[in-house]
There are 2 protein chains.
Amino acid sequence: MTDDTRAKLIRAAAALFREHGYNGTGVAEVLNRAGVTKGSLYHHFPGGKADLAVASAHWAGAWLTKQVNESFARTDTMATGIEALCDAIAELFDRTTWTACPINSTLLDGATNEPFQAAAGEIFENWRAVFGKHAMRYGADHHTAQVQADKLLFMLEGAWIVARAQGRSDPLRKIPSLLAG
Amino acid sequence: MTDDTRAKLIRAAAALFREHGYNGTGVAEVLNRAGVTKGSLYHHFPGGKADLAVASAHWAGAWLTKQVNESFARTDTMATGIEALCDAIAELFDRTTWTACPINSTLLDGATNEPFQAAAGEIFENWRAVFGKHAMRYGADHHTAQVQADKLLFMLEGAWIVARAQGRSDPLRKIPSLLAG
DNA sequence: ACAACATTGGACCGATTGGTCTATACTAAG
DNA sequence: CTTAGTATAGACCAATCGGTCCAATGTTGT
């Protein structure tokens, strides 16, 4: 059950880092939530808390990428895909503890640590690539697709922050109309 | 020199919270940077670290509002105003330690504390209002101005995050062309 | 059965956390 | 000069921080 313990740690860490930030989350908290003891943590993640943060951010990033692909799979235009995605994230915001972007909370919260920054850049770039891929699938040329991907990525991250400040998902729900106008 | 000590604390706290986040910054660090001792801090800010965070965020928010107004004052269209503003922030990013939005780092970094959230919402709303005011000054009707303000606010916050992840100001510099297209 | 290795539990550590408290120094009003 | 209120310095505190370490347990191959 090696991977089980590892997975439990990643899931617990992802949730806590997302909610309280990297520096706002204690190792003991993660351990308690995961139902795992210290020995196991440092066995699976020799780098300790920092290792766990990078792993959990990658996990969260991949999970969100899947959500993006599912949102775009069920629609037939870029605009409706954006609509579906923003609605999905807004629902996540309203119904779960996804009140902040996990990458922002986990990797960019504190120290401009090199591995953290590199991981964050990689994950954002991946999202941007996925957005661009879908845009081209709907007929956009390369340049237009890049522009649309940048717009969506920036808007999403920005709206997520403002939504957290307001305690409401409205900013996230506004994105489709803002990108249309 | 009452206000001097208070101002020194606010300035030191604003810089440190912005760079390392609220939870990533220790009270001792702030004290050391400000050249002030503990007694003074808790005299001027009875609420301690949290009080200081709210005060420094308001200070940073007001400072940035001034930058916005200056950027828009020197131009004669909304587009050139946006250009000037984004360039100013990008320069700040490249030349100083303003590699993150102070509100994001200071108030939204960790706990979804009520006073923190309220202050952050207030400051963002203020920025949005200032953006809208300038848009209307350039002839936009109320609705269009609101839309432009939302777009700019979300883009700015989002690009700031992605810029931090990349360690480059490029995302911030892209905003004008993204908003034009 | 045995050995080698993977995994876990948890005691323990020094450092740092934010915060309290008191003695002292400064300043202004009488 | 005295008094009252403001401001500062820093010792001190319990709690928590992330991390190390080792004994015990589980697992696997021979």
Side-chain angles (χ1 to χ4, degrees), chain A residues 1-57 105-116 119, chain B residues 1-57 105-116 119:
Chain A
M1 294 302 146
T2 291
D3 286 350
D4 202 16
T5 297
R6 200 185 148 87
K8 278 194 287 186
L9 281 168
I10 287 181
R11 278 195 297 266
L16 290 168
F17 288 151
R18 186 184 53 222
E19 292 173 56
H20 310 306
Y22 177 74
N23 287 309
T25 303
V27 170
E29 243 178 306
V30 177
L31 258 25
N32 185 44
R33 173 160 185 152
V36 160
T37 55
K38 226 157 219 196
S40 297
L41 167 62
Y42 287 92
H43 174 73
H44 292 285
F45 299 93
K49 194 187 181 186
D51 249 21
L52 188 53
V54 172
S56 77
S105 299
T106 307
L107 299 177
L108 304 175
D109 147 84
T112 315
N113 188 268
E114 247 312 319
F116 277 26
Chain B
M1 295 300 146
T2 290
D3 287 348
D4 202 16
T5 297
R6 200 186 148 88
K8 277 194 287 185
L9 281 167
I10 287 182
R11 277 195 298 264
L16 289 168
F17 287 151
R18 185 183 56 223
E19 291 173 57
H20 310 307
Y22 177 74
N23 287 308
T25 303
V27 170
E29 243 177 305
V30 177
L31 258 24
N32 184 44
R33 173 158 185 154
V36 160
T37 56
K38 228 158 218 196
S40 298
L41 166 63
Y42 287 91
H43 174 74
H44 292 284
F45 299 93
K49 195 187 181 186
D51 250 20
L52 188 52
V54 172
S56 76
S105 299
T106 307
L107 299 177
L108 305 173
D109 147 84
T112 314
N113 188 268
E114 248 313 317
F116 277 25

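Worth knowing before you read on, the calculation uses all heavy atoms, side chains too, and leaves out hydrogens, waters and symmetry mates. Everything quoted here is computed from the prediction, not taken from an experiment. Labels below follow one simple rule: chain letters A, B, ... track the order of the sequence lines, proteins then strands, and each chain is numbered from 1.
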Round to the nearest Å and state the distance from [X] atom [atom1] to [N] atom [atom2].
X         : N       : atom1 : atom2 : answer
Leu31(A)  : dT20(D) : CG    : P     : 14 Å
Asp4(B)   : dT6(D)  : CG    : C1'   : 16 Å
Leu52(B)  : dG18(C) : CG    : P     : 11 Å
Tyr42(B)  : dT6(D)  : OH    : P     : 21 Å
Asn113(A) : dG18(D) : CG    : P     : 15 Å
Asn23(A)  : dG18(C) : CG    : C1'   : 15 Å
His43(B)  : dC21(C) : NE2   : P     : 17 Å
Phe45(B)  : dG19(C) : CZ    : P     : 13 Å

Say you draw a straight line from CG of Leu41(B) to CZ of Arg6(B); how long is it, rounded to the nearest 0.5 Å?
10.5 Å
Is any side-chain N or O of Thr5(B) closer than 4.0 Å to OP1 or OP2 of dT8(D)?
yes
Below 4.0 angstrom from OP1 or OP2 of dT6(D), is there any side-chain N or O of His44(B)?
no
What pairs of nitrogen or oxygen atoms, one from the protein and one from nucleotides 10-17 of chain C, lie under 3.5 Å apart?
residue	atom	partner	partner atom	Å
dG10(C)	O6	Gly39(A)	N	3.2

Answer whether the closest heavy-atom distance between the side chains of Ile10(B) and Phe45(B) falls below 4.5 Å.
yes
Does the side chain of Leu108(B) come within less than 4.5 Å of Phe116(B)'s, by heavy atoms?
no
Side-chain donor/acceptor of Lys49(A) to backbone N/O of Thr25(A), under 3.5 Å:
yes
Aromatic plane relationship, Phe17(B) with Tyr22(B) - under 30° parallel, 30 to 60° tilted, over 60° perpendicular:
tilted
Quick one: side chain to side chain contact (heavy atoms under 4.5 Å, CB included) partners of Ala28(A), sequence neighbours excluded?
none
